[in-house]
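Structure record follows, encoded as structure tokens.
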Amino acid sequence: MKPCYRDTMDPNIVLGLAKRRGFFFPSFEIYGGMAGMYDYGPLGSAMKNNIESLWRKNYVLHEGLSEIFSPIISPEEVFRASGHLAEFSDFSVQCQKCKQAFRADHLLEEVVDNPDSMSQKELGEAMVSNDIKCPSCKGELSEPVAVNLMFKTTVGPLGGRDGYMRPETAQAMFFNFHLLHRFYREKLPFGIVQLGKGFRNEISPRQGITRLREFNMMEAEVFFDPENKVWPGFAEVADLKLRLLPDGLEEQELSLKDAVSKGIIANEPLAYFMHVTKKILLAAGLDDKRLRFRQHLKTEMAHYAEDCWDCEALTGYGWLELVGVADRGCYDLQSHIDHSDAELTAFIRFPEPIEMEATVIVPNLSALGPLFKGKAGAIATRLGEMPCDGLDATMPIVLDMDGEEVTVPANCFTISQEIKKVSGKRIVPHVIEPSYGLDRIFYTVMDHNYKEDGEYVTLGLPIAIAPIKFGVFPLMTKDGLDDIASEVDKKLRQKGLLTYYDGSGTIGRRYARMDEAGTPFCITVDYESKEDDCVTIRDRDTKDQKRVKMDDLDKVAISLADSSLTFEAIG
RNA sequence: GCAGGUGUGAUCUAGUCUGGUAGGAUCCAAGCUUCCCAAGCUUGAUGCUCGGGUUCAAAUCCCGGCACCUGCACCA
């Protein structure tokens, strides 16, 4: 069994361990399984919760972003605005001879204008009339077939509104912007997070839990005044380094400050959240040497994005994208503004109100009304909006009202000079989006922490991530040792620590079981415990043991669990 | 979706070519052993991916589905 890539884990070994120990395994297996669907087992669910807690600790507690929780099924309009409907509805053709698949609109790009806006039927006709053949073997191509990567459903049992399972959690943070901005007392910057499931009907899911059809995300949207893109914590971390692989340049280690000042990373907040990403991934136990930030190539970056970096990890599947940190500009909010009537903007107050002298047309409604009847309102609005440069107050104004020429006599308006006080301006905020693929991070945690010494397997999980914090054993299940151990186990659970009581098999076997599950510490009650009221604590990574008074055990265990105490420092 | 490969207890695997009682190892469980690093002994549980066909007889041969792996395509 060879590793897939040099110095990286064979995924089959990780998959085997995951299944054997209840981290994760294919779903619906007794019914033949379903590609792209996995279950998290008992240890996996606990570890997934721990990764989420670590993430929340950073984003919600430390950075002060707030969490929302919104529906998975969303109406079609949301995805028309987000662009997913168009993006996910490609038409694909296949070569009859060499079986290769191509996007129909791509093949027509050279010969037709705007092929991506054509219907399935139009594309098919255009393919025939332009005599399009397979680009690689010149074979005959099939009819275009719709490829929709979103799961569609109908809301209402008797048919109703079309809906889709969201392909990302982000949209709710955009279309609720007006409420969330108000929640933040109308200040910028502020940020929102959402954790939850997203769905993509992948054509061919592969590689375990790294490309699922139903997957878990942890996303943040941080909103900024585009003219003032700063984040308060930046200065503190400006000198810390990141491993960067910029588009078109060599891989290099740069401080946040230098990367921004050299224009490699577009702005400070983007660099800041890249740093936050690195911090979280290291705390989750990923190997710094196998992490890098790769900048999206100009060609792969969405056209509206200002800059985008993927945090990638080297795993048994090669380099795997775990996190995307993107500056999406104002694209998402603007798009929802365009598709709805909502005012998803922020009002930026000037330090001092600005007084501006302006020439304005003031409609005279008492003259307009009788003359134009029902159209008077629309005409008055148009007059108020039109530029007044060079207008003569004594001449009639000619308007084009939906193709109809309307002459407004001079008595229907006046032109006057006004002083306008402007106290601020309305802007569409820019957004920086750190988006984390939880399942991929989960996989990489196992990949990077798998250690083998001969046959002996240890999962070196950090205690914050480890599903079980302490194994609790009686050396023998008799002479009352088991009662004492049960008592210890119960006490630790009451303190909120997940333990695993095990009295079966030899002591070595029990340590081995816990090592493979990634449990950092084991507590053993032995015969001496009955004399000295002490138990041993054994460290997974060094196999060293220390004796601790049972009365102090709570405190020691809690401190070990929150990493405020190290094993070496136990007195 | 296409092409190729693979599918035997929870895991790794022998058996498939050449049809005839499914075997081993690990793990798991119960027990013995004053048992601190997968020791030993006894006992036990769990399996041929699913469906159809050929045959007296199918893990084995044929057809189809499903899943996994690799490549292609796809990857907001």
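To find a chain, count down the sequence lines: A is the first, B the second, and so on, and within it residues start at 1. Every heavy atom of this structure was used, including side-chain atoms; hydrogens, water molecules and symmetry mates were not.
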Base, sugar-phosphate, or nothing: which does [X] touch, judged by heavy atoms less than 4.0 Å apart?
| X | answer |
| --- | --- |
| A:G208 | sugar-phosphate |
| A:S82 | nothing |
| A:Q207 | sugar-phosphate |
| A:D526 | base |

Is it true that A:D526 and A:R547 make a salt bridge, defined as a side-chain N closer than 4.0 Å to a carboxylate O? yes
Under-4.0 Å salt bridge between A:E487 and A:K491: no
Among [options], which nucleotide has an atom closest to any side-chain atom of [X]?
| X | options | answer |
| --- | --- | --- |
| A:Y527 | B:C36, B:A10, B:U34 | B:U34 |
| A:T536 | B:A10, B:C35, B:C36 | B:C36 |
| A:V457 | B:C36, B:C74, B:A38 | B:A38 |

Quick one: [X] [atom1] to [N] [atom2], roughly how many Å, whole number?
| X | N | atom1 | atom2 | answer |
| --- | --- | --- | --- | --- |
| A:I30 | B:A67 | CD1 | P | 16 Å |
| A:Y31 | B:C50 | OH | P | 14 Å |
| A:R213 | B:A67 | CZ | C1' | 12 Å |
| A:F521 | B:C37 | CZ | P | 19 Å |
| A:M476 | B:C36 | CE | P | 9 Å |
| A:E516 | B:U26 | CD | C1' | 11 Å |
| A:R510 | B:C28 | CZ | C1' | 15 Å |
| A:I209 | B:C68 | CD1 | P | 14 Å |

Determine the Euclidean distance between corresponding [atom1] atoms of [M] and [N]; express it in Å to zero decimal places.
| N | M | atom1 | answer |
| --- | --- | --- | --- |
| B:U13 | B:G31 | P | 33 Å |
| B:U11 | B:G1 | P | 26 Å |
| B:U26 | B:A39 | P | 10 Å |
| B:G52 | B:U60 | P | 13 Å |
| B:A67 | B:U55 | C1' | 29 Å |
| B:U46 | B:A38 | P | 30 Å |
| B:G5 | B:U43 | C1' | 42 Å |

Give none if [N] has no partner; otherwise give the nucleotide forming a Watson-Crick or G-U wobble pair with it, both distances under 3.5 Å.
| N | result |
| --- | --- |
| B:G7 | B:C66 |
| B:U54 | none |
| B:G19 | none |
| B:C72 | B:G1 |
| B:A29 | B:U43 |
| B:A14 | none |

Report yes if a side-chain nitrogen or oxygen of [X] is closer than 4.0 Å to either non-bridging phosphate oxygen (OP1 or OP2) of [N]; otherwise report no.
| X | N | answer |
| --- | --- | --- |
| A:K543 | B:C36 | no |
| A:T524 | B:C36 | no |
| A:R509 | B:C27 | yes |
| A:S204 | B:C75 | no |

[X] and [Y] aromatic centres sub-6.0 Å:
| X | Y | result |
| --- | --- | --- |
| A:F215 | A:F199 | no |
| A:F470 | A:Y501 | no |
| A:Y317 | A:Y443 | yes |

Find which nucleotide of RNA chain B each of A:R547 and A:R440 is nearest to by heavy atoms, and output the residue with the more 5' nucleotide. A:R547
Most 5' of A:V525 and A:R513 on RNA chain B, judged by nearest nucleotide: A:R513
Within 45° of the axis and under 6.0 Å from the centre of the six-membered ring of A:Y511, does NZ or CZ of A:R538 qualify? yes
Between the base of [N] and the side chain of [X], is there a donor-acceptor distance below 3.5 Å?
| X | N | result |
| --- | --- | --- |
| A:R206 | B:C74 | no |
| A:R538 | B:C37 | yes |
| A:Y511 | B:C36 | yes |

For A:Q545 and A:I537, indicate whether the former's side chain and the latter's backbone hold a donor-acceptor pair under 3.5 Å. no
Once rounded to the nearest 0.5 Å, what's the spacing between atom CG of A:L149 and atom NE2 of A:H84? 10.5 Å
